[in-house]
Amino acid sequence: MPPQPDLTQNLIGWFDRHKRDLPWRRTADPWAILVSEVMLQQTRVEVVLDYYERFLKRYPGAQELAAAGEADLLAAWSGLGYYRRARHLQAAARTIVEEHGGAFPRDFESILSLPGVGRTTAGAVASIAFGLPYPVVDGNVARVLARLFLVEGDFRKRAQARRFWDLAEELLDRRRPGDSNQAFMELGALTCLRKKPRCLLCPLARECRARQEGRCDDLPARRARRPPLPVRLIAVLLRQGKAVALVRRAPGTLMAGLLDVPALEVGAGDDARARAVRWLKDRFGLGVRGLEEAGVARHAITHRRVRVEVFTAQPAARETAALLREARGEHAPAGIAPEPDEQGLRFIALEEARGLALSALARKILAAGGL
Ligand code: SF4
């Protein structure tokens with residue numbers, strides 16, 4: 001069945017009445033809209049709300065972000081996760097400065113060619129900021145379309161994506177493309193939920209094929225997920241006065257540049273205490289005293305379920321300069337435990353550390369250790 005001509009109008013009417021008042025909906029500034037779209041890619045709205053305005057205050061335009069140092073950028077992004085997005089955003093800012101004279105590009109192709117910007121983000125920025133008639137297909141929109149028109153398959157797969165994009169294009173209201181795209185996204189976020197869609201409240205219930213056929217719960221088809229791999233880490237919170245020892249993750253490794261608590265991946269049957277003491281000695285040349293179990297932190301990251309046993313301790317000697325030594329783990333590393341950069345351990349005042357680019361895992365470890 002082809003899309004109904006008044007379907008989008010119904011939906012935009014619903015959007016006008018029910019849309020959430022979100023800060024990125026109060027602006028037509030393409031830079032602010034790009035920032036919000038990138039932040040929202042893998043992060044919930046409630047979390048983004050905490051960061052968006054602070055980030056824009058620090059980097060109100062492409063020029064400011066283009067000139068930012070890596071540590072500042074990572075600190076501003078710290079807690080949002082998926083740091084590759086921050087690096088891409090900075091690369092996009094530098095392209096805007098270097099190739100567009102600092103002015104945000106106003107045509108779809110130029111927006112799409114910015115680093116880290118795909119068809120969905122480009123469509124959102126082009127339609128919302130410039131009123132250009134380009135559709136958006138993100139997870140929320142794809143779920144709505146799959147149910148409305150009984151579209152099988154995964155919109156992320158190239159072979160199946162075409163059907164979703166064609167439908168989104170057909171349904172787009174070309175007079176209000178920004179609101180039209182946001183209306184589909186909002187319906188997916190508020191009403192056409194992944195689990196238990198609120199069909200009784202849905203403005204499109206009459207047109208919805210999945211509802212007519214009782215298939216709302218099986219569409220879209222669930223992606224087969226690998227069961228998460230358990231990873232066991234030991235982390236040591238080394239305290240010296242008000243400072244705690246942290247390492248900066250080495251360039252080229254997972255979450256490079258972020259500060260982390262020194263941690264080691266171990267096997268299921270390893271003696272955590274003995275391994276921690278030996279590892280600190282071998283790796284950092286550091287003896288410790290007062291090693292005590294402090295708690296457990298849990299973290300999920302890219303198909304891994306990480307359990308961290310957190311210890312607290314003090315350095316045995318006054319000297320804390322630590323020479324990084326090559327140490328080989330006995331277990332195939334999952335890449336979750338930080339690989340320190342060449343400076344090894346450094347003691348940083350706890351209050352100062354909280355304002356720096358700490359990984360989400362480090363924040364959980366500090367909390368589990370009562371800091
Ligand atoms: S009727 Fe239900 S399944 Fe269909 S679009 Fe609306 S909320 Fe989604």
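We count ligands from 1, going down the list as the structure has it; atoms in each ligand are counted the same way. Because the structure is predicted, anything quoted here is derived from the model rather than measured. Note that the numbering runs from 1 along the sequence shown for the chain.
- Using a cut-off of 4.0 Å between Lys/Arg side-chain N and Asp/Glu carboxylate O, Arg275 and Asp271 are scored as not salt-bridged.
- Counted within 6.0 Å of CZ on Arg26, heavy atoms from surrounding residues, nucleotides or ligands total more than 12; the atom is thus considered enclosed.
- In summary, the atoms of ligand 1 found under 4.0 Å from a heavy atom of Arg211, numbered by their order in the structure, are 1 (S).
- Remark: minimum distance from atom 4 (Fe) of ligand 1 to any protein heavy atom is reached at Cys208 SG, 2.4 Å.
- Of the protein's non-hydrogen atoms, the one nearest atom 2 (Fe) of ligand 1 is Cys199 SG, 2.4 Å.
- Under the 30°/60° scheme for interplanar angles, the aromatic rings of Trp279 and Phe284 are found to stand perpendicular.
- Donor-acceptor pairing under 3.5 Å is recorded for the side chains of Thr43 and Arg85.
- Between Phe55 and Trp77, the ring centre distance stays below 6.0 Å.
- Ranking protein heavy atoms by distance to atom 6 (Fe) of ligand 1, first place goes to Cys202 SG, 2.4 Å.
- For Cys192, heavy-atom contacts with ligand 1 shorter than 4.0 Å involve the backbone as well as the side chain.
- Distances below 4.0 Å separate heavy atoms of Cys216 from the following atoms of ligand 1: 3 (S).
- Residues Ile234 and Leu280 fall within the same hydrophobic cluster, defined by Ile, Leu, Val, Met, Phe, Trp and Tyr side chains chained together at heavy-atom separations under 4.5 Å.
- At least one heavy atom of Ala205 sits under 4.0 Å from some atom of ligand 1.
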